[in-house]
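Heads up: the structure comes next, in structure tokens.
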Amino acid sequence: MGIVISKFGGTSLSDADGFRRCARILSRRGQRQYVIVSAPGRRFDGDSKITDLLSKGDDKSLSAVKRRFDEIARALGLADSFSFFPQMSKNALVSRGEYSCAKMMAEFLGLPFVDAESLFFFDANGCLLRDKTACAIRDMASRVPSAVIPGFYGRSPNGIYLFPRGGSDVSASIIASALRAGLCENWTDVDGLMSADPAICPDAICHPLVSFLQMEALARAGARVLHPDSLKPLMESGVPLVIRNTFAPERPGTYVSGSVRRQVRCVCAKAGYGLINPREKRVETLLARLDAPAFTSLSGKRLFPVPDSGALSMIAVFGLSRDALPKAIRPIAIAEGEDCIRILVRTRDSDAAMRAIHAKLLDPAR
Ligand code: ASP
């Protein structure tokens, strides 16, 4: 199979049991592998992600981070835990979640630790230097056959630079792509790509196969299973991806590849949209941020939804025609794209609309 890249998300590594679970998964392998880790995530509803605590950066939050890492270190008998320097930049401090997690995982697995600072390079504007990064990754792989590497950050001329939130997925894809890996595994807390968010639609099913292009469109439309920017590097280098559940590793997950032709049926949503008046002053900038500009209301009026500004949700439906949409949903506007239909609804109506659409997706004859 060649080199395998295994990325573990924050929920998979939220406590000592999570570390043990990941180690069990990795121990079933014989081949060369690079393990990419996120910072520990939430252990239960209402818990904090380590990255959120580090971003706050106050004494109370940093003590909570230290306690979390110390608990894991103690339970696993590790010497390494969380440490930081008071004069660290904000980015450097936030990156210590991934850094400490990778250090501890490396010690736990008995593998070398390789710092992401020595592999990922950004320019002063935060653009990834792709060639320099790929060379550094290949050079590292020629010397270190297997390693644990923190995700989410790299180095810029101004110090540590962070990928966007959820960016460890992107780190893993870039490593897989630079090494032309045989497989990139993304271990998370769901079975794979679901037909809808199971918290809203408990009868959601897991799709075994999806194409890169559709997975990217779904991730951009709000399917939270992967960072949308993580698909392109894999697509370009032809490295297949599998999304799997750390809590149910016997399940096959979702295989994402360039050779899949069939479109899968899915519905997902993103909240926080508002409408802008196209005569507004900053309209040019705002329109440039539109996901799908051609929205029309049921009365035929053009509407311009923009993210991060209001109480509307954008539902993306893959695999149903406009005529087949359930009558019960109350759309404010609809846009028909090549790959999906986008529906703008009030956020308070979104879950009910998702459930009605999902029922139709699973049983188009109803
Ligand atoms: N720890 C970072 C976050 O919470 C990056 C990641 O998990 O991929 O966004």
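Scope of the values below: all heavy atoms of this structure, side chains included, with no hydrogens, waters or symmetry mates. One-based numbering, in listed order, for ligands and for the atoms of each. Residue numbers run from 1 in the order of the sequence given.
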(request) Report yes or no: do Asp123 and Tyr161 form a side-chain donor-acceptor pair below 3.5 Å? (result) no

(message) With nothing but distance in play, are any N or O atoms of Glu98 less than 3.5 Å from an N or O of ligand 1?
(response) yes

(request) For the residue pair Asp58 and Ser61, confirm or rule out a side-chain donor-acceptor distance under 3.5 Å. (result) yes

(request) Please say whether Ser38 places an N or O atom under 3.5 Å from an N or O atom belonging to ligand 1. (result) yes

(request) Please collect all salt bridge (Lys or Arg N to Asp or Glu O under 4.0 Å) contacts where either partner lies in residues 74-96, sequence neighbours excluded, each pair once. (result) none

(message) Looking only at distances, can you tell me whether any N or O atom of Thr51, backbone or side chain, sits closer than 3.5 Å to an N or O atom of ligand 1?
(response) yes

(message) Heavy-atom contact check, 4.0 Å cutoff: does Gly166 meet ligand 1?
(response) yes

(request) Quick one: look up the protein heavy atom nearest atom 6 (C) of ligand 1 and list residue, atom name and how far away it is. (result) Ser168 OG, 3.4 Å

(request) Check whether any N or O atom of Phe152, backbone or side chain, sits under 3.5 Å from an N or O atom of ligand 1, and answer yes or no. (result) no

(request) Examine ligand 1 and decide if any of its atoms is less than 4.0 Å from a heavy atom belonging to Gly151. (result) no

(message) For Ser6 and Glu185, which I'm curious about, is there any donor-acceptor pair between the side chains at under 3.5 Å?
(response) yes

(message) With heavy-atom distances below 4.0 Å as the criterion, list the atoms of ligand 1 near Arg165.
(response) 3 (C), 4 (O), 9 (O)

(message) Can you list everything that forms a ring-ring contact (aromatic ring centres under 6.0 Å, His included) with Phe152? Sequence neighbours excluded, please.
(response) none

(request) To the nearest 0.5 Å, tell me how far Leu234 CG sits from Glu216 CD. (result) 10.5 Å

